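These notes concern the structure reproduced below.
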Amino acid sequence: MNNVELDIDAINKIIKKVIEEIGLSRGQILEIVDSIRIEQEGLKTQLVQIKKDIAQVIDEVDNLEKQDKVMRKRLAEVSADFHKYTEKDIKEAYEKASDIRVKFFTKKNEEKALRERRTQLELALKRSAENIESAEKVINQISIALGYLEGDISSALGETDKNSEMFLGIKILEAQENERRRIARDIHDGPAQHMANAVMKVDICNIVLRKDLEEGLKELSSLKESVKIALKEVRNIIFDLRPMSLDDLGLNETVQQMIKAITQEADIDIKLKLKPIKEEIEPIIQVAVYRIIQEVFNNIKKHSKAKHAEIKLDFGTKYLMVVISDDGIGFDVEETLKSVKTKGASYGLIGILDRVNQLQGEIEIKSLPGSGTTYSVKLPINREVIRDEKRGN
C-alpha cells in the first residue's frame, strides 16, 4: 500500500466522521421543522377561529350601532318635550342610551383587539412559513452534500478536471431534492389535510347521526366532498409524477391533453404536428419526450412571453426528433447554458439536458434576444440504438 492509498484511507475516515455529524445535524433540523409545522397548524386553527369571531363581532357591532342611533334619537325626543314626557321617562331613556353606548364601544374595542390578534397570527404564520422554507433549503443542501461525501473519494480525486460536470451533477441532485420537497409539500398541504379532515368528520357524523338523521346526512355529504377533493389532488400529484394516460392512451394523446391544459392556463396558441407513435419507440423514450415537452413549456410560460408555439414530432428507424418553437422574447443561449453549468440558473433546463444526455441523445437550442426560441431534440427510439451509440457504432 503506497502513501497515496494511505492518504485516501485517512481522508475517507475523516469524511465518515463528518457524514455522521452532518447526518445528526440533519435529523435535528428535521425535528425542528416538524415542531414548527405543528405550531403552524395550531396558528392556522387559531386564525380560522379568530376570523369567525371577527365576523360575529362585526355583526354585533353593526346591530349595536343601529340600537345606539335609535336610543340617541329617542333620548333627544324625550329631552325636547318636557310637557309630554316625565322626568322618569327622560331618566329611563338616558340610562338605556348610555347602556347601549357602553356595549357599543366595548364591542368596538373587542373588534379592534381581535383584528390586532388576527394581524399577529398572520405575521406569525408568515414567519413560520419562511422558517420552514429556510430550514428545508438547509436540509436540501445537507442532503446534496451527504450524497457527494458518501461517494468514492478516490474517483472524485481522479476527476478534478471535470468541475463543470460535477457542478451540473450537483444541480441535478438539487433539482431532484427540490422536486421531492415539492411533492411532499403538495401531499402535506393537499390530500393529507383533506384526509385528516375526513377522519374528523367521521367522528362528527357518528355523534350527529345519533341525534338528528337529517343533519347527519348533511355531514356525510360534506365528508364525501372532502374525500372527493383529496382523491382529485392525489390524482393530480400522480399525473405530475407519471401520467397514466401514457400507458392507456399513448404519447400523442397525453401531449395533446397537456397542451390543452396549457392553452387554458396561459394565453398561448399552440400548434401540434405529431406523427403517430409506433411500438418500436420504447416507453422510456416516450416518457422522456413527454418530460422534455413539459419542461420546455414550463420555461416558455415562465420566461418567454410567447403568444404562439409549435410542436413537431417525427421519427425514423433509429431516431426520434422533437422540435419546439415559440415567438417569445428569446435569450442568449451560450450565456444561459454557461450559467446553467456553473450557477444552476435553470432547474428545468438542467432536467432537459440531463435527460437527453442519459439517453445518448442530442439537443440544439437556437435563440436570440427578441427573436423567439427553437429547441431541437434527437433521441434514439430504443435501447438497442442507445447501446450502439455507447459503443460508438
Side-chain angles (χ1 to χ4, degrees), residues 36-130 188-230 232-233:
I36 295 174
R37 285 192 188 281
I38 293 168
E39 181 184 342
Q40 188 183 53
E41 293 304 317
L43 290 171
K44 286 180 180 178
T45 303
Q46 290 181 51
L47 186 59
V48 169
Q49 186 59 50
I50 284 285
K51 287 180 178 179
K52 288 181 181 177
D53 292 343
I54 289 173
Q56 183 180 338
V57 168
I58 287 173
D59 289 339
E60 292 175 3
V61 167
D62 290 343
N63 186 39
L64 284 168
E65 187 176 16
K66 291 174 184 176
Q67 292 181 45
D68 181 58
K69 288 178 181 178
V70 170
M71 294 310 300
R72 281 189 287 124
K73 184 179 179 182
R74 169 67 177 166
L75 180 60
E77 289 175 358
V78 172
S79 300
D81 194 344
F82 289 101
H83 299 292
K84 185 177 179 181
Y85 299 101
T86 65
E87 186 178 341
K88 181 181 177 182
D89 291 333
I90 296 171
K91 183 180 178 182
E92 184 179 339
Y94 176 80
E95 287 176 350
K96 286 183 178 179
S98 178
D99 182 53
I100 290 296
R101 175 136 287 219
V102 168
K103 288 181 180 178
F104 173 57
F105 281 109
T106 301
K107 196 58 70 173
K108 282 281 289 182
N109 287 332
E110 184 180 343
E111 180 188 348
K112 182 182 178 182
L114 286 171
R115 287 182 183 275
E116 288 175 354
R117 176 61 180 155
R118 181 189 63 186
T119 301
Q120 291 171 358
L121 285 170
E122 287 172 343
L123 289 172
L125 268 173
K126 184 181 178 181
R127 283 195 298 270
S128 68
E130 289 171 352
H188 178 271
D189 294 343
Q193 294 290 333
H194 288 295
M195 293 311 295
N197 187 40
V199 171
M200 184 178 69
K201 282 184 178 293
V202 169
D203 293 333
I204 294 172
C205 288
N206 285 333
I207 297 169
V208 175
L209 280 169
R210 292 191 185 99
K211 297 179 179 179
D212 188 324
L213 179 60
E214 188 174 341
E215 285 299 316
L217 291 174
K218 288 180 181 178
E219 287 293 337
L220 281 174
S221 178
S222 176
L223 169 61
K224 181 180 178 182
E225 288 304 312
S226 292
V227 174
K228 283 170 68 177
I229 291 169
K232 183 180 178 181
E233 290 182 350

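Note that the coordinates shown come from a computational prediction; the quantities given were computed from them, not determined experimentally.
- The shortest distance between side-chain heavy atoms of V57 and V61 falls below 4.5 Å.
- Counting only heavy atoms from C-beta outward, the side chains of R115 and I58 approach each other to under 4.5 Å.
- Rounding to the nearest 0.5 Å places CZ of F105 at 12.5 Å from NZ of K112.
- Ion pairing between R127 and E130 fails under the 4.0 Å rule for side-chain N and carboxylate O.
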task: Carefully, step by step, assess E92 and K96 under the rule salt bridge (Lys or Arg N to Asp or Glu O under 4.0 Å).
output: CA-CA 6 Å; E92 184 179 339; K96 286 183 178 179; 3.3 Å; yes
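- One finds the CG atom of D62 at 8.5 Å from the CZ atom of F104 (value rounded to the nearest 0.5 Å).
- The closest side-chain heavy-atom distance from Q56 to K52 is not below 4.5 Å.
- Minimum heavy-atom separation, K103 to L64: O-CD1, 3.6 Å.
- To the nearest 0.5 Å, the span separating CG on L121 from OG1 on T45 amounts to 10.5 Å.
- Interatomic distance, CD of Q120 versus CG of L125, reported as 12.5 Å (0.5 Å rounding).
- Using a cut-off of 4.0 Å between Lys/Arg side-chain N and Asp/Glu carboxylate O, R72 and D68 are scored as salt-bridged.
- Tested against L114, the residues T119, D53, N109 include a single side chain to side chain contact (heavy atoms under 4.5 Å, CB included) partner, D53.
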- prompt: Could you go step by step and tell me if R117 and Q46 meet the side chain to side chain contact (heavy atoms under 4.5 Å, CB included) rule?
  reply: CA-CA 10 Å; R117 176 61 180 155; Q46 290 181 51; 2.7 Å; yes
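- The side chain to side chain contact (heavy atoms under 4.5 Å, CB included) check on K51 picks up L47, R118, E122, with sequence neighbours excluded.
- Within the 3.5 Å criterion, the main-chain N or O of V102 finds a donor-acceptor partner in the side chain of T106.
- Across every non-hydrogen atom of R74 and A93, the tightest pair is CG-CB, 4.4 Å.
- Here E41 contributes atom CD and S128 contributes atom OG; the two are 9.0 Å apart, rounded to the nearest 0.5 Å.
- The distance from atom CD of E65 to atom CD1 of I100, rounded to the nearest 0.5 Å, is 12.5 Å.
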